[in-house]
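In the text below, chain A, chain B and the rest are named by the order of the sequence lines, each starting its count at 1.
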Amino acid sequence: MSGSEGLSIHDRPNSYIGRSVPRPNLPRLLKGRGSYADDVKLPRMLHAAFLRSPYAHAEIVSIKTDEAEKVTGVFRVFTGDDIAKVCSPWVGVLTHLEGLRSPPQHALAVGRVLWQGEPLAAVVAESRALAEDVLELIEVDYKELPPAVDMEKALDGDAEVIHDVYENNLCWERNVNQGDVDAAFAASEVVIEEEYRFGRHTGVTLESRSIVADFDAGEDMLTLYHSTQAPHMKQALFAKHLDLDEHKIRIICRDVGGAFGLKAHAYGDEFATAAMSMVLKRPVKFVADRMESFLGDIHARDHIVKGKIGVSKEGKILGLEIDDLTGIGPYSVYPRSSAIEINQVLNLTGGAYVFENYRARGRVVFQNKPPMCQYRAVGHPIAISVAESLVELAASAIDMESMQMRQLNMAADDDYPNKTVTGIPLENLSHQESTTKLMEMVNYQEIRNEQAELRSNGIYRGVGFGALIEVTNPSPAFYGVGGAPISAQDGCSIKLDAKGNLIVGTSVTEQGQGAEAVISQVVATAVGITPEKIKVISGDTENTPYGGGTWASRGTGIAGEAAVKAGKVIRNNILDVAGILLQSEPETLDIRNNQIVDDENGTERMSVAEIGRIVYYRGDTLPKDFQAEMMVVQHYLPKSFPFAFTNSVHCSHLEVDVTTGFIKLLKHWVVEDCGTVVNPQNVDDQVRGGVVQGIGGALYEECIYNDQGQLLNGNLADYLVPMAVELPEIIVGHVESRTFESDLGAKGAGEAGTAGAPAAIMNALNDALRPLEAKLTRQPFTPQRVLEALGKV
Amino acid sequence: MTNRIEINTTVNGETVSRMVEPRTNLVDFVRYDLELTGSHVGCEHGVCGACTIRLNGEIVRGCLMLAVQADGGLVETIEGLSENGKISDLQEQFLIRNAGQCGSCTPGMLLTADALLESNASPTRMEIREFISGNYCRCTGFEAIIDAIEKTAQTRQKER
């Protein structure tokens with residue numbers, strides 16, 4: 001036992017916690033030396049291209065592939081029936097979401113196609129270009145069926161029922177009723193009702209979904225080079241549906257070019273690629289192009305929410321009610337389901353506030369559009385936009401500053417642990433300190449003064465806020481209890497090499513957010529080794545401990561704590577050897593800057609490299625009954641709380657051109673409390689990147705469909721994403737309320753930006769237009785919609 | 001499918017002779033024929049800038065140029081510019097400022113930033129924003145990238 005045993009990681013000397021250490025994996029990316037799935041080139045590798053349905057709903061009467069198969073260089077054409085022989089269908093439900101239903105879904109459509117873009121056949125050829133050429137030679141006889149496109153009509157009696165095994169298009173419904181909402185509204189000074197719409201948008205990772213499947217018939221082993229954010233989950237899924245043992249599947253995801261939730265789901269074209277490799281016993285590559293990304297990636301949002309709030313004349317929230325309807329495409333997505341987003345909306349609406357009376361209904365309906373599933377900030381932008389808009393409208397109605405009303409309804413910072421209105425435990429939040437800090441950063445009064453002055457010149461500026469709680473560090477309550485093979489625990493392995501370096505394996509993945517840097521900083525601190533002597537390995541099911549991967553803002557909080565634990569264990573193991581060699585009690589020693597030192601005064605005694613040399617090459621000099629263990633693994637699972645909630649608050653300042661309808665974002669501020677900040681620059685950039693994705697949904701991004709279920713803007717020229725010139729400077733501040741559940745104390749920081757930005761922007765926009773009596777509640781707020789609200793078009 | 005055409009180019013200082021299909025675009029040629037995978041493919045219709053490559057000293061969209069158009073030309077990719085040190089100060093600032101997250105846009109962004117600083121040694125932040133507005137980044141929110149480019153310009157100015 002060493003002198004620092006039992007001490008918190010926050011008490012370690014030479015700490016790297018709270019330092020903006022450059023990310024160790026970034027230099028290779030800056031040199032173009034990354035290794036993404038599409039960079040993989042294997043001997044005898046073939047290329048797949050998929051035939052996708054041109055219709056939103058049609059019966060496949062027949063498919064003729066013989067002309068396609070005659071082409072030189074084509075190895076095989078697969079239909080849905082061919083793939084179904086080797087890949088079993090899946091069902092995207094979670095058992096803890098009672099009543100959630102979805103029919104079996106095949107990797108490639110069998111019998112019917114249910115959305116425009118659904119894959120139904122594949123060509124495997126010696127090049128991708130050839131495979132695409134040959135798609136045109138596949139003859140499909142479709143019988144068009146009426147599509148159910150409009151989610152508002154999906155439950156009508158005369159609606160086309162997509163799955164005839166069900167009586168209607170309802171996928172799931174949940175109702176919440178806390179307190180007495182009707183009495184609360186009756187007792188309110190003002191009651192505000194509003195309807196909010198959130199367009200369907202999508203993730204648009206710059207690196208599209210990619211997979212290289214390499215089935216080795218010699219070992220019956222399937223290696224998948226795969227752009228994913230949940231390798232162990234994917235291993236379990238591929239094993240189950242391709243009927244292989246899990247240890248016969250290895251998932252390797254080296255560099256991942258953005259994920260944002262989009263790469264945590266099962267996709268038919270990816271399963272088909274693996275199946276085709278098994279049939280052909282050769283490597284097969286599939287990389288989605290941008291057009292098929294728009295049709296094949298999961299979509300997100302697509303909600304219509306009716307909201308109602310009642311407040312007292314003092315500004316207390318007395319009651320809140322929402323009715324949310326969302327269209328999720330023809331299937332609930334496997335394995336996380338397409339009901340989690342609406343479940344989050346019901347759980348989180350008004351979550352920043354203390355109130356007692358809440359009623360909510362959420363309905364999830366099937367429709368003939370691409371499947372909808374979890375994308376960054378799942379449900380949060382909807383819940384937060386609705387609640388924060390209602391709060392600002394109510395504050396305006398009682399002539400109160402909206403931030404004052406928020407603070408009145410937020411719990412005191414010392415009033416935790418606490419619970420949301422639906423009973424979800426909140427451990428430790430800082431709404432009061434965070435909102436106070438935000439108001440100091442914003443210089444609110446100056447903005448108001450300027451606003452009044454400019455209005456008299458016909459310039460319309462607005463300022464708006466969005467306060468929120470965010471789900472991070474989920475326990476098995478999120479997915480595991482519902483039966484999905486999704487791990488909520490994570491692991492960290494650490495091996496000391498003979499030169500005193502540490503080789504660290506983590507079960508979370510790196511897709512740009514800095515997971516490897518965070519793990520490296522934590523290990524460096526816990527052990528006493530400098531970061532340049534630490535190599536972190538991630539994204540390989542054969543070489544890392546088992547774990548969940550990187551999603552739901554869980555990497556730092558969960559895998560970071562596993563790294564703390566593993567670091568403490570190997571430190572002690574190293575000090576046990578040092579104690580023997582130095583004839584000192586291990587607890588009088590410490591490791592600092594790669595040296596064994598006297599704990600008391602820091603005097604250097606020997607190097608950690610020397611320990612490595614002796615353990616590996618001169619074990620004969622150690623006692624007979626002593627075995628050094630220089631490789632350790634530890635795991636961590638949050639158990640005390642189902643989630644580690646964080647809080648944050650946004651402010652948006654913008655200007656509306658009332659002639660053109662264009663919105664110019666002037667500045668955006670965020671105060672974020674994610675507990676312990678391991679790498680401040682990383683966290684700030686996570687927040688900024690998140691804000692910009694929130695801006696995308698609020699102002700630009702929308703998958704536009706016609707009434708036949710045809711996507712009208714499925715390319716990057718017509719689907720607008722935020723680019724540098726449209727964006728404001730984003731100022732980020734922090735409050736640190738650690739979670740006491742772990743030693744590290746870190747919560748997640750990946751999604752609060754996306755969660756809160758749309759609310760702040762909507763409120764700022766409506767603040768700007770208030771003197772013109774115009775109001776917008778339908779995202780994205782395009783110039784067209786602004787002009788419509790102003791009555792100009 | 002079609003007759004291949006011989007092209008001769010200089011790529012990152014090396015003479016390259018290959019037979020290519022006329023329809024092969026420049027970024028596919030660089031990535032798959034030459035195995036220089038640092039240039040990325042994001043949209044294949046000229047919007048995202050991930051495939052930015054230098055051809056005869058000018059940045060081009062590798063997805064909007066055909067490989068045959070590089071015949072007789074001088075091609076430079078992120079790998080070459082990293083090896084010869086031309087953008088090492090930009091890369092250093094990108095590292096310090098965390099101006100690349102997933103790394104998909106990063107090579108194209110670096111080549112675009114380099115082209116900006118060649119034409120405008122001390123751009124304003126708005127000029128930087130405008131110049132890189134043909135390069136899509138989904139991760140950073142762009143601010144870190146703008147900071148890194150601005151810092152590089154300032155450092156170059158001081159060192160003059």
Task: Nearest non-hydrogen partners of A:A131 and A:H47, listed with the distance - done: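 It is CB-O, 3.9 Å.
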Return yes if a side-chain donor-acceptor contact under 3.5 Å exists between [X] and [Y], otherwise no.
X	Y	result
B:Q101	A:D685	no
A:E207	A:S227	yes
B:N12	B:T77	yes
A:D297	A:T202	no

Task: Selection from B:G38, B:P107, B:G100 maximising heavy-atom pairs under 4.5 Å formed with chain A - done: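 Looking at each of B:G38, B:P107, B:G100 in turn, B:G100 comes out on top.
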Could you tell me which portion of [X] (side chain, backbone, both or neither) has an atom closer than 4.5 angstrom to a non-hydrogen atom of chain B?
X	answer
A:A259	neither
A:N715	both
A:K31	both
A:D289	both
A:V692	side chain
A:N682	both
A:D684	neither
A:E729	both

So what's closer than 4.5 Å to chain A heavy atoms on [X]: side chain, backbone, both or neither?
X	result
B:R138	both
B:D28	neither
B:F131	neither
B:T106	side chain

Open item on the list: I'd like to know if the side chain of B:E79 reaches the main chain of B:T37, judged simply by a donor and an acceptor atom lying under 3.5 Å from each other, with no hydrogens or angles considered.
Closed with: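 Yes; judged by distance alone, with no hydrogens or angles, the pair exists.
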Open item on the list: I'd like to check A:L46 versus A:K285 (side-chain heavy atoms, cut-off strictly below 4.5 Å). Are they in contact?
Closed with: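 Answer no - side chains too far apart.
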- [ ] Please test B:R54 against B:D114 for salt bridge (charged side-chain N to carboxylate O under 4.0 Å, His left out), starting from the C-alpha separation and ending with a verdict.
- [x] CA-CA 10 Å; B:R54 274 170 79 97; B:D114 178 54; 3.3 Å; yes
